[in-house]
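A, B, ... follow the sequence lines: proteins, then strands. Residue 1 opens every chain. The shown structure was predicted, so the numbers you read here are calculated from the model rather than taken from an experiment. Scope of the values below: all heavy atoms of this structure, side chains included, with no hydrogens, waters or symmetry mates.
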Protein chains: 2
Amino acid sequence: MDRLPTRDRLIETAMELFWERSFHATGVDELCARADARKGSFYHFFSSKTDLAVAAVAASWAAARTHVFDLVSQSGPPGLDRLRRLVQCFEEQQTRAVATHHVVLGSPFGGLAQETAHQDERLRRAVQVVFHEQCGVIEGWLDEAVVSGEIPSGSNAQRARNIVALLEGALLMAKVSDEIDVFRSIAVSIDRLTFG
Amino acid sequence: MDRLPTRDRLIETAMELFWERSFHATGVDELCARADARKGSFYHFFSSKTDLAVAAVAASWAAARTHVFDLVSQSGPPGLDRLRRLVQCFEEQQTRAVATHHVVLGSPFGGLAQETAHQDERLRRAVQVVFHEQCGVIEGWLDEAVVSGEIPSGSNAQRARNIVALLEGALLMAKVSDEIDVFRSIAVSIDRLTFG
DNA sequence: GGTTGAATTGACTAATCGGTCAAGATCCGA
DNA sequence: TCGGATCTTGACCGATTAGTCAATTCAACC
């Protein structure tokens, strides 16, 4: 099993560190050390730390999209059950993180956005794309649920936005409480947002 | 009108800067300059930047509690209408911030928590107290709504947690979109969370 | 007036920050 | 086998970081 090329290692390491330490708390030196790359290589591929972050957000979302959202879309029963499986995936991600870091880390995208979105336009847009596409996928699931009669018809686009917001809020509450259970107890109320 | 004493000025400035720039992006020098205090004074009152942040969270919440939550509790009709007035206050806070900073800043507590809660236990607990007390106030409003028959009885503690999560999520989505309207469009779905 | 402790000042440090650069290594097509 | 492009290396830069500290000012009390 070959190791990833330098550029990919930097991107992968970036999202890891920004998640477990935060953007500003992660130094370029530290990042390079963990990716086993030298500073010069870093600035050969990326023009700045922010530049790397933008690429990392896109790459991390591409991975999450295929391994979580698309997976949920392509397996198991359609409709609202997909939402429950998504919540399950989110919870498992947190559980895995707790196993290694002994702290609830919350949302990687939410965390990065809270720290940087109001300071850097490009980074803000990168995360905006992530949430927008999450909404798109979820909207598709709600459409299924409408067709099957699980939920009444209505603005599924708005419903999806509400759901993504609730998920992000639930992850924040879990992080602040340092208890994963808090996430689940809030996330189950998603059902309420699928009406109206 | 006397200016505030040094310690209070540092605390007030801290929450302002942590909100508009972020915790790590705010230097102690910058903070002191804006509070018109000298470095030595800073470390006379606080043992570290984190120490100041903990005090700032508590002070900022004390102010928000009296000027927003208690105000909503003590004026206007009881029950669910209080929730709508709270959302209105949140939105006005964002509108004021946009007027001066030209960017949607989102939740001050949420932002600080996302950046630091997993790295510093004291700071995490400080924000935990904030959200816990927010839940307490909202739970009281839901109790009123149950008594008046607006909503069916149920776990108002859990409902309050869901609502706070949704509000924080809505503020994040607005920040990432850089559009206040996004906050309102999500926040109105709070009603759905008051059932169940 | 004298004493005491709290508050203030600004110069100082060691470490780290993001970022640069010139020189070499490696690869690939001609 | 050559040449040019891509990638790697590690030393280096000025700026900034959080935090220290001894000297000084100030206000309150005896």
Quiz item: Does any pair with a residue in residues 54-111 of chain A pass ring pair (Phe, Tyr, Trp, His ring centres under 6.0 Å), and if so which ones, sequence neighbours excluded?
Solution: Trp61(A)-Phe69(A)

Self-check item: Contacts of Gln128(B) that satisfy side chain to side chain donor-acceptor pair (under 3.5 Å) - sequence neighbours left out
Solution: Arg124(B)

For [X], which residues count as a salt bridge (Lys or Arg N to Asp or Glu O under 4.0 Å) partner, sequence neighbours excluded?
| X | value |
| --- | --- |
| Arg9(A) | none |
| Arg82(B) | Glu144(B) |
| Glu16(A) | Arg34(A) |
| Lys49(B) | none |

Practice problem: Identify, with sequence neighbours excluded, every residue that meets ring-ring contact (aromatic ring centres under 6.0 Å, His included) alongside Phe131(A). | Solution: none

Quiz item: Which ones in residues 116-127 of chain B lie close to DNA chain D, meaning a heavy atom under 4.0 Å from one of its atoms?
Solution: none

Self-check item: Strand contacts (DNA chain D) in residues 5-19 of chain A, 4.0 angstrom heavy-atom criterion
Solution: Thr6(A)

Exercise. Round to a whole Å and report the spacing from NE2 of His44(A) to P of dA23(C).
Key: 18 Å

Only distances under 3.5 Å count here; give the side-chain donor-acceptor pairs of residues 157-171 of chain A to other protein atoms, sequence neighbours excluded, each with its distance to 0.1 Å.
residue	atom	partner	partner atom	Å
Gln158(A)	OE1	Arg161(A)	NH1	2.9
Gln158(A)	NE2	Asn162(A)	OD1	2.9
Gln158(A)	NE2	Ser185(B)	O	3.2
Arg159(A)	NE	Thr194(A)	O	3.1
Arg159(A)	NH1	Pro152(A)	O	3.0
Arg159(A)	NH1	Asn156(A)	OD1	2.7
Arg159(A)	NH2	Pro152(A)	O	2.9
Asn162(A)	ND2	Gln158(A)	O	3.4
Glu168(A)	OE1	Ser107(A)	OG	2.9
Glu168(A)	OE2	Ser107(A)	OG	3.1

Quiz item: If you count the non-hydrogen atoms of other residues, nucleotides and ligands that lie under 6.0 Å from NE2 in His132(B), is the total more than 12?
Solution: no

Self-check item: Gap between atom NE2 of His24(A) and atom OG1 of Thr26(B) - 0.5 Å precision
Solution: 9.0 Å

Quiz item: What distance separates His118(A) NE2 from Leu123(A) CG, expressed to the nearest 0.5 Å?
Solution: 11.0 Å

Exercise. Could you encode protein contacts along nucleotides 11-20 of chain C as a string, one character per nucleotide from 5' to 3', using B for base contact, S for sugar-phosphate-only contact and - for no contact, with a heavy-atom cut-off of under 4.0 Å?
Key: -------BBB

Quiz item: Name the one of Thr116(A), Asp51(A), Thr50(A) that satisfies side-chain hydrogen bond (donor to acceptor under 3.5 Å, both in side chains) with Arg122(A)?
Solution: Asp51(A)

Quiz item: What are the bounds, 5' to 3', of the part of DNA chain D that sits under 4.0 Å from heavy atoms of chain B?
Solution: dT17(D) to dC21(D)

